[in-house]
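Just below is one structure, and these are the notes that go with it.
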Amino acid sequence: KRIFDTVLLLRQLPMTKIVWKMKDKVGMVIDGSENYKEEAMKMMADTGFLNKLLNFPKERINDETCELLQPYFDAPDFNFEDAKKSAGAVFCL
């Protein structure tokens with residue numbers, strides 16, 4: 001779900017709510033589960049979703065976007081191995 005939060009941020013789409021939660025053995029992490037239900041599902045339902053990801057204009061990533069993404073990247077469980085365990089289909093995002 002946090003992977004989709006980062007996609008929402010990169011595409012500058014709305015996010016409904018972000019909260020910090022304590023996760024066992026990891027510490028504080030971002031919980032954007034409401035974004036998943038509200039916004040990410042709409043984004044994935046778009047028939048052009050995959051094409052939009054593949055053709056994402058990387059030059060649109062600015063300093064503010066990087067600052068918003070940093071807490072996700074800092075989370076110890078935001079990595080390839082954990083993404084693959086939680087959702088094999090989305091770990092490549």
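In this chain, residues are counted from 1 in sequence order. All heavy atoms count here, side chains included; hydrogens, waters and symmetry mates do not.
- A heavy-atom distance below 4.5 Å is found between the side chains of Val7 and Met43.
- Atom CG of Leu10 is separated from atom CG of Leu53 by 9.5 Å, given to the nearest 0.5 angstrom.
- Listed by chain and residue number, nothing satisfies the salt bridge (charged side-chain N to carboxylate O under 4.0 Å, His left out) test with Asp63 (two or more places apart in sequence, or in another chain).
- Under the side-chain hydrogen bond (donor to acceptor under 3.5 Å, both in side chains) criterion, Gln70 pairs with Asp74, sequence neighbours left out.
- When all heavy atoms of Asp46 and Lys52 are compared, the closest pair comes out as OD2-NZ, 2.5 Å.
- Counting heavy atoms from C-beta outward, Phe56 and Ile61 have side chains that approach closer than 4.5 Å.
- Counting heavy atoms from C-beta on, the side chains of Met41 and Met44 come closer than 4.5 Å.
- When all heavy atoms are compared, the tightest approach of Thr65 to Leu9 is CG2-O, 4.2 Å.
- Residues meeting the side-chain hydrogen bond (donor to acceptor under 3.5 Å, both in side chains) test with Asn51, sequence neighbours left out: Asn55.
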